[in-house]
Amino acid sequence: MAAITTPFTGQETALHASASFVALASASAATLVGEVQNLGDMELSANVIEVSKYGAAYKQKLVGQKDSGTLDITLNWVPDASSQSEHGLLQTSYASGAKVYFTIIWTDAAGNQAGCTFSGFVQSFGISQPLEDVVTVNVSINIDGAVTLDLDGTL
C-alpha cells in the first residue's frame, strides 16, 4: 500500500491485540479487537531536564528519558469472551499483569495505510453501564517501551 498523504478520518482505524508480537504486515482478523468505539490520544513525550551553570545567563536543557504514556480505549462490551476473545485477553491481562502486544492500522478512504506497534499492560478495566446507551468497557493501556511507527505505508 501507498503512504497516507492527505488528512483522513479515524473511521477505518483497526486495533489488534495479542499475547505475542503482531507485525503490521501480519495483523489479521484473528487479532482484531472488535467493537472499538474510541481510541484515545497517543501522546509520546520526553522528560526535559534543566541544567544550570554558574555564571550563565540562561538555563540549558537536556532531553531525558522518553515515555510512551497511556492509551485509553473504549469498547462496546461483549461479555461472552468466546465471541470477542480479544476483550477476554484485555480482561485477563488486567487480572494477571501479563503484557499485551498491540498493532494499530490507520487506513484512508483510498486504502492507503500507516500503522504502529507497541506493547503494554492493562492498567485499568472499567465497565460503564448507562441506562439508555450501550454498555462499554474502558481500558487504559500503560505502554511499555517505545512505539514503533510506520508512516510511509510499507507496513
Side-chain angles (χ1 to χ4, degrees), residues 1-4 7-49 63-155:
M1 288 286 159
I4 297 175
F8 65 103
T9 65
Q11 293 174 327
E12 296 297 323
T13 300
L15 174 68
H16 296 262
S18 178
S20 58
F21 179 74
V22 177
L24 287 166
S26 63
S28 68
T31 59
L32 182 65
V33 178
E35 302 293 332
V36 175
Q37 268 194 12
N38 185 44
L39 282 178
D41 298 338
M42 183 175 292
E43 185 174 330
L44 309 177
S45 63
N47 293 330
V48 176
I49 303 162
V63 176
Q65 286 186 305
K66 293 176 176 47
D67 184 5
S68 297
T70 301
L71 180 65
D72 296 318
I73 305 166
T74 303
L75 306 160
N76 294 335
W77 189 37
V78 179
D80 182 3
S82 66
S83 67
Q84 203 48 261
S85 61
E86 288 68 33
H87 289 211
L89 173 65
L90 297 175
Q91 186 174 1
T92 300
S93 172
Y94 170 73
S96 69
K99 186 183 288 191
V100 178
Y101 297 85
F102 295 92
T103 300
I104 297 175
I105 299 176
W106 299 285
T107 306
D108 69 4
N112 301 319
Q113 293 184 325
C116 69
T117 58
F118 59 92
S119 61
F121 300 94
V122 178
Q123 178 177 320
S124 67
F125 187 94
I127 300 171
S128 175
Q129 53 277 330
L131 293 177
E132 295 185 11
D133 203 356
V134 67
V135 175
T136 59
V137 172
N138 302 300
V139 179
S140 290
I141 306 298
N142 198 319
I143 299 173
D144 180 44
V147 173
T148 303
L149 295 167
D150 179 349
L151 305 177
D152 63 3
T154 58
L155 300 179

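Excluded from the calculations below are hydrogen atoms, water molecules and symmetry mates; all remaining heavy atoms, backbone and side chain alike, are included. Note that the coordinates shown come from a computational prediction; the quantities given were computed from them, not determined experimentally.
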Show me the donor-acceptor pairs, under 3.5 Å and distance only, between side chains in residues 123-136 and residues at least two apart or in other chains.
{"unit_1": "Gln123", "atom_1": "OE1", "unit_2": "Asn142", "atom_2": "ND2", "d": "2.9"}
{"unit_1": "Ser124", "atom_1": "OG", "unit_2": "Ser140", "atom_2": "OG", "d": "3.3"}

Can you give me every donor-acceptor pair (side chain of residues 94-108, partner residue at least two apart or in another chain, under 3.5 Å) with its distance?
{"unit_1": "Ser96", "atom_1": "OG", "unit_2": "Thr92", "atom_2": "O", "d": "3.0"}
{"unit_1": "Ser96", "atom_1": "OG", "unit_2": "Ala98", "atom_2": "N", "d": "3.2"}
{"unit_1": "Lys99", "atom_1": "NZ", "unit_2": "Asp144", "atom_2": "OD2", "d": "2.9"}
{"unit_1": "Thr103", "atom_1": "OG1", "unit_2": "Val22", "atom_2": "O", "d": "2.8"}
{"unit_1": "Thr107", "atom_1": "OG1", "unit_2": "Gln113", "atom_2": "NE2", "d": "3.3"}
{"unit_1": "Asp108", "atom_1": "OD1", "unit_2": "Ala110", "atom_2": "N", "d": "3.1"}
{"unit_1": "Asp108", "atom_1": "OD1", "unit_2": "Gly111", "atom_2": "N", "d": "3.0"}
{"unit_1": "Asp108", "atom_1": "OD1", "unit_2": "Asn112", "atom_2": "N", "d": "2.8"}
{"unit_1": "Asp108", "atom_1": "OD2", "unit_2": "Asn112", "atom_2": "ND2", "d": "3.2"}

Inset, instruction - Check side chain to side chain contact (heavy atoms under 4.5 Å, CB included) between Glu43 and all other residues, then give those that pass, not counting sequence neighbours. - result: none
Inset, instruction - Please list, chain by chain and in numerical order, all residues satisfying side chain to side chain contact (heavy atoms under 4.5 Å, CB included) with Ala146, sequence neighbours excluded. - result: none
Inset, instruction - Enumerate the residue pairs fulfilling salt bridge (Lys or Arg N to Asp or Glu O under 4.0 Å) with a member in residues 9-26, sequence neighbours excluded, ordered by first and then second residue. - result: none
Legend entry - Exam field: side chain His87 to backbone Trp77, donor-acceptor pair closer than 3.5 Å: no
Please round to the nearest 0.5 Å and tell me the distance separating atom [atom1] of [X] and atom [atom2] of [Y].
X	Y	atom1	atom2	result
Asp72	Asn138	CG	CG	8.0 Å
Met42	Leu71	CE	CG	5.0 Å
Ile73	Leu15	CD1	CG	5.0 Å

Legend entry - Qualifying residues under salt bridge (Lys or Arg N to Asp or Glu O under 4.0 Å), relative to Asp67, sequence neighbours excluded: none
Between [Y] and [X], is there a side-chain heavy-atom distance shorter than 4.5 Å?
X	Y	answer
Gln37	Asn76	yes
Leu90	Val137	no
Thr70	Ile143	no

Taking all heavy atoms of [X] and all of [Y], pick out the closest pair and write down the distance.
X	Y	value
Cys116	Val147	CB-CG1, 3.8 Å
Ala114	Leu151	CB-CA, 4.1 Å
Ser93	Val122	OG-CG2, 3.5 Å

